[in-house]
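Reading through the structure tokens given below for one structure.
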Amino acid sequence: MHASFHLAADLDAVLRAAASAAGLADASAFAPEVRTADPRHGDFQANGVLAYAKSRKLNPRGIAEQLVAALPPAVRDLCEVTIAGPGFINFTLRPAALLAWLRTHDSEAHLRTGAAAAHAGQTWVVDYSAPNTAKQMHVGHLRSAVIGEAVCRLLAFTGARVIRDNHLGDWGTQFGKLIYAYKRWVNPAALAADAIEELERLYKLGNEAAPDGSPELEVARRELVLLQQGDPENVALWRKFSEVSLAAFQEIYDRLGIRFDHHLGESFYNDKVDRVYRELTEAGLAQVSEGALVVFHPEHPRFKTQPFIIRKADGASNYASTDLATALYRSEHFGAHGIVIVTDFRQADHFEQLFLTVRKWFAARGHRLPELHHVTFGAVTGEDGKALKTRSGDVIRLKLLLDEAVDRAFAIVTEKSPEIPEDERREIARLVGIGAVQYADLSQNRSSNYVFSWDKMLALDGNTAPYLLYAVARIHSIFRKAGVTPGDPAAEAAATAPETPTEIALARKLVKFPDAIRLAADGLRPHYLCLYLFELASDYSSFNNADKVLVDDPALRARRLLLCARTLLLLETGLRLLGVRTLQRM
RNA sequence: GGACCCGUAGCUCAGUUGGAUAGAGCACCUGGCUUCGAACCAGGGGGCCGGGGGUUCGAGUCCCUCCGGGUCUACCA
């Protein structure tokens with residue numbers, strides 16, 4: 001039996017064809033709206049009949065009956081079709097169809113082939129993490145890195161060529177103060193021991209030493225001017241700051257499994273902003289206001305009066321200038337079909353103005369316009385609801401936060417599995433601890449604030465990394481006991497279609513994987529995939545509890561091993577797409 | 001003042017271009033290991049989806065309004 005990857009998409013196509021075959025008026029305008037259904041009603045449901053019938057003042061049940069009658073016989077082999085309520089069409093997959101899908105989708109490569117249609121042939125640039133150089137990464141930098149990496153993997157899985165670009169904050173007025181402080185107070189021993197720590201100390205010293213209106217600030221400004229004019233000493237210092245910072249960042253990225261293709265920070269666009277000023281001025285989009293070069297958007301309720309400042313009154317560039325230049329570079333140099341920028345919600349205004357400006361600018365100059373997406377996320381707060389990151393001091397360093405996650409995970413593993421050797425417990429703790437932090441960030445709808453809670457993210461029940469990793473470990477354990485490699489065709493050859501309620505519930509959940517991928521990738525919202533994986537692991541646990549796998553009956557044993565192997569495949573594939581690493585024992 | 005985000009069970013959160021009786025986890029109560037990993041599972045109680053109005057076959061979801069919390073609002077990013 002044929003089983004294509006995305007069954008819902010197939011049903012959609014079949015219903016469109018049925019609309020024509022049934023002779024519906026204006027059949028090409030009929031949108032089936034196939035989506036996953038509540039399991040009580042079926043596997044998929046088509047809701048489009050109601051909207052279609054309503055707008056044409058037809059009886060929806062009558063239309064649904066015509067459509068169902070026009071379905072090709074093959075659809076009935078695949079699933080049971082019923083009409084319910086005012087005109088929903090419900091599709092319930094037959095056990096044989098479930099088995100066929102599971103047999104076909106037996107490797108990550110096969111899943112990838114099925115999923116890759118969505119963004120095939122496209123190039124997407126993802127701009128995430130983007131910390132400021134000369135400062136340590138803190139807890140506020142976590143979400144962009146974790147969500148951005150998951151978005152990259154989802155886009156790549158759905159067929160895109162993904163370019164990971166770390167748009168570092170490596171330019172700006174703060175470097176004048178930093179150079180000022182460095183030249184006076186650098187401690188060479190501290191610099192050798194922990195360079196980023198020493199830079200951060202100097203950064204704060206510079207800020208304190210050069211308040212607004214002070215003569216020290218004038219000196220700091222001269223350092224900045226020297227840097228911008230290419231003064232060898234200051235340029236060398238600035239380079240050192242960048243190198244030291246990148247090395248420190250990479251230690252964090254290594255622990256999170258992140259590797260960027262490019263680190264094109266703000267400094268990279270220094271020589272590219274003049275073209276921005278020129279083209280926006282020539283296009284009539286930019287104007288001088290209060291000495292600055294700005295863009296207004298008269299059609300916008302707010303941005304008709306709130307300017308987008310693209311060049312400061314003193315002639316210097318700002319982040320609007322470099323972000324505009326960045327958009328053009330990504331379009332021209334990378335040939336981007338899509339640009340995704342992952343920052344917190346406080347920058348929503350900026351990116352709305354940026355995107356409005358880019359669309360008008362590119363249209364005026366004939367530049368190729370990519371899809372532009374600002375992937376925002378809420379703040380990370382403590383359990384008291386207040387921001388974890390306070391304005392004055394007491395920021396939690398990301399390095400220490402990850403250390404604590406691993407320490408806490410180690411204590412739990414040691415308590416639960418004392419028989420495992422310490423070396424392996426350390427490795428398990430590393431995967432579970434880091435995975436728990438990543439997963440906690442990803443599993444919640446990114447637009448709301450995220451309450452940071454050690455106890456919740458490390459819990460063994462609920463929608464957490466440890467729960468999913470535990471399901472993975474249990475499945476591996478069964479295969480170890482059986483002496484079988486997961487997915488071995490010989491072990492699955494005799495498999496029959498699922499029969500028990502828990503087998504069927506698990507199989508029905510497995511075939512919904514494509515829908516979860518599509519939801520997550522289309523909306524750039526990884527939490528849809530998390531939710532799916534949690535439900536899958538939960539259905540697996542019920543199955544695991546109710547149906548013994550390693551039984552004597554060869555057909556029964558084969559089909560349960562097949563269910564185990566596919567669950568393992570989808571859990572491991574899904575977690576990999578989230579950037580969470582899996583293990584075999586915990 | 002204006003704009004945007006959030007408000008769903010005691011707590012933390014899901015809820016797909018508007019779809020069927022609003023779902024999880026925690027906590028609470030009951031039951032299940034001589035059995036592939038009980039770090040688990042099965043079952044139970046718990047809701048004016050912030051308030052009010054509107055749109056329609058149908059609203060947690062869309063529109064208006066009010067309340068509460070957060071953020072941004074001319075040269076930091």
Side-chain angles (χ1 to χ4, degrees), chain A residues 31 33 35-38 40-41 45 47-48 50-51 53-54 60 84-88 90 130 132 169 171-174 266 289-294 300-303 305-314 316 318-320 322-323 343-350 352 376 378-379 381 383 385 387 412-413 415-417 432 443-445 447-451 453 455-456 459-464 466-467 469-471 473-482 502 515-516 518-519 522-523 525 527-528 530-531 534-535 538 541-551 560 564 585-586:
Chain A
E33 295 182 27
R35 52 185 292 183
T36 56
D38 184 316
R40 286 171 294 193
H41 300 127
Q45 61 179 310
N47 298 339
L50 286 110
K54 184 175 91 176
F88 302 112
N90 290 334
N132 290 330
W171 200 251
T173 51
Q174 71 270 25
E266 287 160 1
S289 172
E290 298 180 25
L293 190 62
V294 308
H300 193 280
R302 179 157 173 204
F303 303 137
T305 54
Q306 181 184 324
F308 190 49
I309 299 169
I310 66 170
R311 188 182 62 204
K312 301 197 288 183
D314 65 5
N318 64 1
Y319 78 142
T322 51
D323 279 359
T343 76
D344 73 78
F345 66 105
R346 288 174 299 183
Q347 297 189 47
D349 272 8
H350 168 72
E352 193 177 349
T376 63
T381 74
E383 303 201 37
I412 295 171
V413 176
E415 182 200 335
K416 303 286 185 185
S417 302
V432 172
S443 59
Q444 187 167 324
N445 185 338
S447 48
S448 41
N449 286 354
Y450 153 50
V451 178
S453 162
D455 289 341
K456 206 170 307 152
L460 292 318
D461 11 63
N463 191 5
T464 66
Y467 179 79
L469 293 174
Y470 176 60
R474 282 163 105 194
I475 299 174
H476 275 295
S477 173
I478 289 176
F479 281 101
R480 274 196 301 271
K481 174 129 184 168
T502 35
D515 301 282
R518 191 164 74 163
L519 268 180
D522 284 0
R525 290 186 181 272
H527 81 284
Y528 283 116
C530 294
L531 185 65
F534 170 59
E535 290 175 351
S538 181
S541 291
S542 300
F543 157 76
N544 183 77
N545 200 257
D547 298 319
K548 188 171 170 62
V549 175
L550 301 180
V551 293
R560 288 183 179 167
C564 287
R585 206 155 75 118
M586 67 187 275

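Naming: A, B, ... by sequence-line order, numbering from 1 per chain.
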*asked:* Between A:D547 and A:T502, is there a side-chain donor-acceptor contact under 3.5 Å, judged purely by atom types and distance?
replied: yes
*In whole angstrom, give me the gap between the P atoms of B:G51 and B:G60.*
11 Å
_Integer angstrom distance from the P of B:G1 to that of B:C62_ = 24 Å
*How is A:N318 classified with respect to the nucleic acid when contacts are heavy atoms under 4.0 Å: base, sugar-phosphate, or nothing?*
sugar-phosphate
*Base-pairing mate for B:G23 - Watson-Crick or G-U, with both contacts under 3.5 Å*: B:C13
*Less than 5.5 Å between centroids and less than 30° between ring planes, does A:H41 satisfy that with B:A20?*
yes
*Do the non-hydrogen side-chain atoms of A:S541 and A:R474 ever get within less than 4.5 Å of each other?*
yes
_Students often get this wrong, so: under 4.0 angstrom with heavy atoms, is A:A348 touching a base, only sugar-phosphate, or nothing?_
nothing
*Less than 4.5 Å apart, any side-chain heavy atom of A:L293 and any of A:I309?*
no
*Can you tell me if A:H300 and A:E352 form a side-chain donor-acceptor pair at under 3.5 Å?*
yes
*Does A:Y467 have any ring-ring contact (aromatic ring centres under 6.0 Å, His included) partners at least two apart in sequence or in another chain, and if so, which?*
A:F534
*B:C72 C1' sits how many Å from A:D349 CG, rounded?*
5 Å
*Would you kindly check whether a donor in the side chain of A:Q45 faces an acceptor in the base of B:A20, or vice versa, at under 3.5 angstrom?*
yes
_Nucleotide forming a Watson-Crick or wobble pair with B:C4, both distances under 3.5 Å_ = B:G70
_Complement of B:U55, any strand, by Watson-Crick or G-U distances under 3.5 angstrom_ = none
*Counting side-chain heavy atoms from C-beta on, which of B:U73, B:G19, B:G58 comes nearest to A:K54?*
B:G58
*State, to 0.1 Å, how close A:A53 and A:P60 come at their nearest heavy-atom pair, and which atoms those are.*
CB-CA, 3.6 Å
_Between C1' of B:A74 and CZ of A:F303, the distance in whole Å_ = 13 Å
_Rounded to whole Å, how long is the line connecting atom CZ of A:F345 with atom C1' of B:U73?_
14 Å
*For side-chain contact (heavy atoms from CB on, under 4.5 Å), just list the numbers for A:R35 and A:Q45, CA-CA rounded to whole Å, side-chain angles, deciding distance to a tenth of an Å, and then say yes or no.*
CA-CA 6 Å; A:R35 52 185 292 183; A:Q45 61 179 310; 4.0 Å; yes
*Atom pair distance, as rounded to whole Å: CG in A:D323 and P in B:A77*: 9 Å
_At less than 3.5 Å, do the side-chain atoms of A:N90 and the base atoms of B:A20 form a donor-acceptor pair?_
yes
*Within this structure, what is the CZ-to-C1' distance between A:R311 and B:C75, rounded to whole angstrom?*
12 Å
*Using the P atom as the reference point in each nucleotide, state the distance between B:A14 and B:G25 in Å, no decimals.*
16 Å
*Listed by chain and number, what are the ring-ring contact (aromatic ring centres under 6.0 Å, His included) partners of A:F345, not counting sequence neighbours?*
none
_Side chain A:T343 and base B:A77 donor-acceptor under 3.5 Å_ = no
*asked:* Are the side chains of A:M586 and A:V413 in contact, using a 4.5 Å heavy-atom criterion?
replied: no
_Spacing of the P atoms in B:G53 and B:U61 (rounded, Å)_ = 14 Å
*A:E266 CD to B:C76 P, straight-line distance once rounded to whole Å*: 13 Å
*Nearest whole angstrom, please: distance from the P of B:G58 to the CZ of A:F88.*
13 Å
*Complementary nucleotide for B:U34 - Watson-Crick or wobble, under 3.5 Å*: none
*Remember a base hit wins even if backbone is also touched, and classify A:E290 as base, sugar-phosphate or nothing at under 4.0 Å, heavy atoms.*
base
*Sugar-phosphate or base contact per nucleotide [nucleotides 36-46 of chain B; S, B, -; heavy atom under 4.0 Å]*: BBSBBSS----
*Name the nucleic acid region contacted by A:P301, choosing base, sugar-phosphate or nothing; use a 4.0 angstrom heavy-atom cut-off, strictly under.*
nothing
*Results of salt bridge (charged side-chain N to carboxylate O under 4.0 Å, His left out) for A:D515 - residues two or more places apart only*: none
*hbond_proxy A:R302 side chain to B:C72 base (donor-acceptor, 3.5 Å cutoff)*: yes
_Closest-nucleotide 5' rank along RNA chain B - winner of A:H300 and A:Q347_ = A:H300
*Rounded C1' spacing from B:C11 to B:U71 in Å*: 25 Å
*In whole angstrom, give the distance that lies between atom CZ of A:F308 and atom C1' of B:U73.*
14 Å
*Pairing partner (Watson-Crick or G-U wobble, both distances under 3.5 angstrom) of B:C28*: B:G44
*asked:* Taking B:C67 as the reference, what is the distance to B:G50 when you measure between their C1' atoms (whole Å, please)?
replied: 7 Å
_Interatomic distance at P, B:C40 relative to B:C48, whole Å_ = 31 Å
_So A:T376, base contact, sugar-phosphate only, or nothing? Heavy-atom distance under 4.0 Å._
nothing
*Below 4.5 Å, heavy atoms only, C-beta onward: do A:N47 and A:F88 meet side chain to side chain?*
yes
_I'd like to compare against my own output: the B/S/- annotation of nucleotides 12-17 of chain B with a strict under-4.0 Å heavy-atom distance to protein._
SSSSBB
*Counting only side-chain N and O atoms of A:R40, is one of them less than 4.0 Å from OP1 or OP2 of B:G23?*
yes
*Using side chain to side chain donor-acceptor pair (under 3.5 Å) as the criterion, list what pairs up with A:N445, not counting sequence neighbours.*
A:S447, A:R525
*C1' gap between B:U17 and B:A59, integer Å*: 15 Å
